[in-house]
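Let me begin by presenting the structure, written as structure tokens, before commenting on it.
Keep in mind that what you see is a predicted model, and the values were worked out from it rather than measured.
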Amino acid sequence: MFRPATLTALAILALAGASLAGLAGAGGNVAALSSLGPYLARLVAGATVQAGLSMLLSILLGTALALALLRRRFPGRNLLLAVLTAAAVAPTIVIVFGVIAIYGRSGLLGDLARAVGAEPPAIYGLQGILIAHVLMNMPLVTRTLLQAFGREPGERRRLASALGFSAADCFRHLDWPVIRREAPALATFVFLLCFTSFAVVLSLGGGPANATLEVAIYEAVRFEADFARAAALAGLQLVLCLGLATALATLAPAVHDEASAERHAARPDILAPCLLRLDCLVLILATAWIAPPLLSIASGVAAVPTLATAEFAWAAATSAAIALGAGLLACLFAVLLASAARGRRLRPRLPDLAAFTMLGLPPFAFVAGLYVLTRNLADPAALGLMLVPLVNALMALPYAYRLLAPPLATNAERHGRLAESLGIAGWTRLRLVEWPALRAPLAAAFAFATALSLGDFGVIALFGGGELTTLPYLLANRLGAYRMDEAGALALVLVLSAGGLAYLTERWSARHA
Amino acid sequence: MTFLNSRMTRIATALSALLLATPSMAQEKPALTVYTYSSFTGKYGPGAKVKAAFEAQCSCTLNWVASDDAGSLVARLKLEGETTKADAVLGLDMNLAAEAKATGLFQPHGQDTTALTLPIAWTDDTFLPFDWGHLAFVYDSTKLAAPPTSLKQLVDDPNGPKLVLQDPRTSAPGLGFLLWMRAVYGDGADTAWTRLKPRIVTFTKGWSEAYGLFLKGEADMVLSYATSPAYHIGVEKKTQYKAAPFSEGHYLHIELAGMTRTTRQPELAKRFLAFTLSDAFQLLIPEGNWMMPAKQAAGGLPASFADVIKPERTLLFTPDEVRTQRRSFIDAWLAAASR
């Protein structure tokens, strides 16, 4: 009766609910919440506009980039994909400093503008937030869509060639159905990430008019120690996020698909000159957008020798252990959730909601709630070792799920009936039916989840200290001690590790394609 | 799931046994657990030296438990309540003192505070100051030749320097500046914010982001501490960074220590509090925490501190005033600065 997907989804929802309930029980004054009404309404309204624009831009540009990458093969394509992943998972403070280095008043563009006698660009405000958010979110859109396009049966492309499809026909009949299928969930994903974004919004927002509910939740925990209010606000944020997710889910058409024997048929539109120009333009623009802020981090290379300490080695080892554990766990949870699609029931609503829950839940409220629930069970040091990878895995779960759920759904649609009629089930089905289709997405999901945990600071904040120091923890520590150069070196190490991991998994999946 | 959890418990137990091996071998010595914020115990903080110096005289073990910042210290204490393992806490500040006191977890420090070198008289018997610093705007004197000499000049000059500040909702110095504006302008603070707003580049989440943006050249001045230039002189040998003295006076940031009511080591905790005011501890503060010592040691201050500005007036709200009025101050700021 209870499938693994349902059980996993219920477990995640229960954990989220229990953590908020635990937090609410830790004391505070919810009654004061009503006096915050107008303030909260303004926060939600502002965040909605910001997240909506971030989402639209990320989806539009991410789709254009995915199509360009789909149609073109060029040297450095894998490298670009790795840079995309690195941009999506870098710690937010690294993104902020990267964006500033290029678009800031004294950044590259500012210097160029002054050199030709123009005004330097004004980045602080909604435009700055959008630049950073698209930089962080377009990559996942691109990766997911690229995978989705790649899964389409080659027979369709062959048929399109035989019918002499124009570029516009190709878009209408080949690409649009895929975009229409994937976009609602991706839009929800990006919207929620931007709706709950925090450090980026404050640093680049230019004033209190740009903020999110997350700011109020942080304030309640850190300044007022008002846990009941924090829990109530977190609950409000969660309800808004899940409401949106449910609404957008109704836009997604059901998956209809048929088995495919051919995968490598070429598209008829790759030779169209107008598309070639468009793709070149998109690739150049996307590279020009994403690469410079990340490349600016290379300035940290000068301080890399200062990292040769036992403390750094220990933190790097701890980070690697936590991130690898969290990456594996996130993939495991994601596969369990996504296995709902195997049953070919209408739509796997509950698993979707469970994955989106982890995006809507503010990490520090979640961790504080978990701390309340677990602190009497064991020593905090031992708990930290256990909870940090688990929480990191749950935080990375939405990314892994986004990359894994669609291929599993397609696969179930294509081979599910055959597998059932042949009586192939359980482990055998996973090995014979799902594994071949899941290998590449799984590698991408693992890279995303691991790299994301590598850069995560939020979770470690409450349990950290003592032996449990990680690289982002050191990064924050150095920034707080005036050591910007050393922090720059740590940022470089983090981004290179994330990019390197993505590059290796990219090559691995390409070899096994 | 169960398999995974039992597996993880075993791994965690094994790992923690490994990590805790050293303290448990030295079990005959009593242990003192002190909660503090992470930059105190970090590589460049004074934590390791403080631990060594205290252990050399107490025949005990001092265990630091580090939280993110002062705010998360209070949050953690409040979450733990009576079951907290903290014997003492080092690193609260005046803006959180009332909140911390309201937890009922602290007991009187029992120390003599008459010889403190604070800019104000100290009367609180729960919390003991261990260092302090005036808030100040820091600038690069090679880029900004004539910094404002008063807060009023900063606020009123439409062609004045561009500033990067911290958000008072999420940052201690950010809240400090909000209170500074209140102390100088009173109810006129809102219109003062409206006049200042066009020159504020942004309000960051915390001090680190703001100071980083300033060093990268995004603003002419950053809200920081009067002691910040001492860091650049002492470590980087750079003398161009200066703090601008304002004629109305400067808002004061004081860092506090206290001992818990629930401690099982009251004698040791009290000894630790006394130690925080001793020369051995106070000498580590200036170039370890880049703050002013609460009880200046006989040897005076290091050379890097020679030029730290000494405001004639000190501005400060009491912890209770902060606790009761913070929300309304922030609401007024939101309305004024969002325009």
Got a second to check how far [X]'s [atom1] is from [Y]'s [atom2], nearest 0.5 Å?
{"X": "A/E224", "Y": "B/K78", "atom1": "CD", "atom2": "NZ", "result": "9.5 Å"}
{"X": "A/F364", "Y": "B/S72", "atom1": "CZ", "atom2": "OG", "result": "11.5 Å"}
{"X": "A/Y482", "Y": "B/W290", "atom1": "OH", "atom2": "CH2", "result": "8.5 Å"}

*A/R483 charged N/C atom sitting above B/Y44 aromatic ring, 6.0 Å / 45°*: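 So A/R483 does make the cation-pi contact.
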Flag the pair [X] / [Y] as yes when at least one side-chain heavy-atom distance between them is below 4.5 Å, and no otherwise.
{"X": "B/S208", "Y": "A/M484", "answer": "no"}
{"X": "A/L479", "Y": "B/W207", "answer": "no"}
{"X": "A/I100", "Y": "B/E218", "answer": "yes"}
{"X": "B/T170", "Y": "A/R222", "answer": "no"}
{"X": "B/L79", "Y": "A/F227", "answer": "yes"}

Check whether [X] gets within reach of chain A through its side chain, its backbone, both or neither, counting any heavy atom under 4.5 Å.
{"X": "B/D69", "answer": "side chain"}
{"X": "B/V235", "answer": "side chain"}
{"X": "B/L73", "answer": "neither"}
{"X": "B/S171", "answer": "backbone"}
{"X": "B/E99", "answer": "side chain"}
{"X": "B/Y231", "answer": "side chain"}
{"X": "B/S228", "answer": "both"}
{"X": "B/L77", "answer": "neither"}
{"X": "B/L215", "answer": "side chain"}

What part of [X] gets closer than 4.5 Å to chain B, counting heavy atoms only: side chain, backbone, both or neither?
{"X": "A/E486", "value": "side chain"}
{"X": "A/L204", "value": "backbone"}
{"X": "A/V221", "value": "both"}
{"X": "A/T309", "value": "side chain"}
{"X": "A/Y39", "value": "side chain"}
{"X": "A/A216", "value": "neither"}
{"X": "A/I93", "value": "side chain"}
{"X": "A/L43", "value": "side chain"}

Does [X] use its side chain to pair, donor to acceptor, with the backbone of [Y] at less than 3.5 Å?
{"X": "B/T204", "Y": "A/S203", "value": "no"}
{"X": "B/K205", "Y": "A/A199", "value": "no"}
{"X": "B/D167", "Y": "A/L202", "value": "no"}

Could you tell me which non-hydrogen atom of [X] sits nearest to which non-hydrogen atom of [Y], and how far apart they are?
{"X": "A/A225", "Y": "B/A75", "result": "CB-CA, 4.5 Å"}
{"X": "A/P208", "Y": "B/L334", "result": "CB-CD2, 3.6 Å"}
{"X": "A/Y473", "Y": "B/S38", "result": "OH-CB, 3.0 Å"}

*asked:* If you apply the rule salt bridge (Lys or Arg N to Asp or Glu O under 4.0 Å), what do you find for B/R326 with A/E219, and how did you get there?
replied: CA-CA 12 Å; B/R326 200 185 65 95; A/E219 192 184 3; 3.4 Å; yes
*Looking at B/L96, B/L165, B/L213, which one has more heavy-atom pairs under 4.5 Å with chain A than the rest?*
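Looking at each option in turn, the highest pair count goes to B/L213.
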_Most chain A-contacting option - heavy-atom pairs closer than 4.5 Å, from B/V201, B/I330, B/V74_ =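 With the most close heavy-atom pairs to chain A, the winner is B/V201.
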*After noting the C-alpha distance and the side-chain angles of A/Y371 and B/R76, does the key distance pass the side-chain hydrogen bond (donor to acceptor under 3.5 Å, both in side chains) rule?*
CA-CA 9 Å; A/Y371 191 71; B/R76 182 165 183 164; 3.2 Å; yes
